[in-house]
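The block underneath contains the structure these notes are about, expressed in structure tokens.
The structure displayed is predicted, hence computed values, not measured ones. Heavy atoms only: backbone and side chains are in, while hydrogens, waters and symmetry mates are out. In the text below, chain A, chain B and the rest are named by the order of the sequence lines, each starting its count at 1.
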There are 2 protein chains.
Amino acid sequence: MSQDDAGIDLDTSLGYLLKEASSALRVAMEAVLRPLNMTITHYSCLELLSQRPGLSNSELARGTFVTRQSMNVLLQSLERDGQVIRPAEAPAGKALPARLTDRGRRSLQSATAAVRSVEVRMLESLTPTEQAAARAALRSMVASLKAG
Amino acid sequence: MSQDDAGIDLDTSLGYLLKEASSALRVAMEAVLRPLNMTITHYSCLELLSQRPGLSNSELARGTFVTRQSMNVLLQSLERDGQVIRPAEAPAGKALPARLTDRGRRSLQSATAAVRSVEVRMLESLTPTEQAAARAALRSMVASLKAG
DNA sequence: CAATCTATGTCAGAATACTGACATGAGTCA
DNA sequence: TGACTCATGTCAGTATTCTGACATAGATTG
């Protein structure tokens, strides 16, 4: 069997390793967010809104890597729960700028601390130089994938 | 507001970047696998079985980063479709060793080529040294996350 | 030897995200 | 101006994965 027919070498494939790492991160984040009754997408939405108030549904969807339909379902439940508010009418176009309520900010607070602790643990064995190299490599991969 | 209350900096967070990269990879893989009527988990299962014949349902689940319940659903449909076979009785314990059929191998062939092209594109701007550094960093992150 | 623990396969139901579709607002351009 | 393209919000239905639960096989342990 020639090398070209041998499939993807799972022990060295960066694609497989990327999936393994993101899976491990997802599991670790779910573990710390579950006690707070929060999913990863839920947390990501609040974190994004905290840092960029006024983002629309579609912008939040892109920032959390889900479809705008999925984000819309989440936003509606967050609105019902009083964590997020959106105006009844769009100030321009159709995009509705969303904002956190005080309740949303309180929910986010403990979640951010929990997620930060996971990220710290993930990076504990990497030097700042190695972290910078990883950042650069990941950015390059993202750019190449999106260019295709 | 002190730095500790500022949340996760999305522009530099390796956790966020990891999620972005895996999302971009997922989208790219789905795009090339969809014409072959194959999902990523479906492909991953066949690829794993091709390289490690006789893996059980639970082992396949761990290798593809889904629950054994999800893998079981997939395996049953693959068995119905004649791409995979499992013995009716376990040779030892309860684990049923799964194997690809010729039909499964044929399905895998074009999928492997498609996925390989995505991985090549993902890495086209990285030198072998940079790829090795990325591999080392990702392995370190996985180890640290699983240790917690 | 019996009790316990761990891993496995499987069923059932719930949660989550997705694709498809439609209407609407804004910008482009002939 | 009118046709066209594009982005957005939203509804509906589908698909996929997950959590919870149970029974069973093998290993461990007292």
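- Per the geometry, CZ belonging to A:Arg62 stands 12 Å off C1' belonging to D:dC6, to the nearest Å.
- Between A:Ala21 and B:Leu145, the shortest heavy-atom contact is O-CD1, 4.2 Å.
- Nucleotide D:dA15 holds its P atom 18 Å from the CZ atom of B:Arg26, rounded to whole Å.
- Judged as a side chain to side chain donor-acceptor pair (under 3.5 Å), the pairs with a partner in residues 134-148 of chain A (not counting sequence neighbours) are, in order, A:Lys146-B:Glu20.
- Using a 4.0 Å cut-off, no side-chain N or O of A:Gln76 falls inside it from OP1 or OP2 of D:dG9.
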Side-chain atoms of residues 89-101 of chain B: list all donor-acceptor pairs with protein atoms under 3.5 Å, sequence neighbours left out, distances to 0.1 Å.
from     : atom 1 : to       : atom 2 : distance (Å)
B:Thr101 : OG1    : B:Gly82  : O      : 2.5
B:Thr101 : OG1    : B:Gln83  : O      : 3.3
B:Thr101 : OG1    : B:Arg103 : N      : 3.3
B:Thr101 : OG1    : B:Gly104 : N      : 3.1

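- In this structure, the CG atom of B:Leu78 is 14 Å from the C1' atom of D:dT16, given to the nearest Å.
- Not a single side chain to side chain donor-acceptor pair (under 3.5 Å) links A:Ser58 to another residue, sequence neighbours left out.
- Under the salt bridge (Lys or Arg N to Asp or Glu O under 4.0 Å) criterion, A:Glu130 pairs with no residue at all, not counting sequence neighbours.
- Scanning for side chain to side chain donor-acceptor pair (under 3.5 Å) contacts around A:Arg105 gives A:Asp102, with sequence neighbours left out.
- Using a 4.5 Å heavy-atom cutoff, the side chains of A:Asn57 and A:Arg86 are in contact.
- Within the structure, every pair that satisfies the side chain to side chain donor-acceptor pair (under 3.5 Å) test and touches residues 68-78 of chain A, not counting sequence neighbours, is listed here: A:Thr67-A:Ser70.
- Every residue was checked against the salt bridge (Lys or Arg N to Asp or Glu O under 4.0 Å) condition with A:Glu124, not counting sequence neighbours, and none meets it.
- By the side chain to side chain donor-acceptor pair (under 3.5 Å) test, B:Glu47 pairs with B:Tyr43, B:Gln51, B:Thr112, sequence neighbours left out.
- For the segment residues 37-60 of chain A, the set of residues with a heavy atom within less than 4.0 Å of an atom of DNA chain D comprises A:Ser56, A:Asn57, A:Ser58, in numerical order.
- Rotation axes derived from the C1' atoms of the five outermost pairs at either end of the helix from C:dC1-D:dG30 to C:dA30-D:dT1 lie 30° apart, to the nearest 10°.
- Side-chain N/O atoms of A:Arg86 include one lying less than 4.0 angstrom from OP1 or OP2 on D:dT10.
- Contact annotation: B:Asn72 reaches the phosphate of C:dT10 (side-chain N/O to OP1 or OP2, under 4.0 Å).
- Note on A:Leu74: nothing from the nucleic acid sits closer than 4.0 angstrom, heavy atoms only.
- In this entry the distance linking CE of B:Met71 with C1' of D:dT19 reads 17 Å, nearest Å.
- Listed by chain and number, the residues in a side chain to side chain donor-acceptor pair (under 3.5 Å) with B:Thr41 amount to none (sequence neighbours excluded).
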A correct 5'-to-3' footprint of nucleotides 19-27 of chain C, with B, S and - meaning base, sugar-phosphate only and no protein heavy atom under 4.0 Å, is BBB-BBSS-
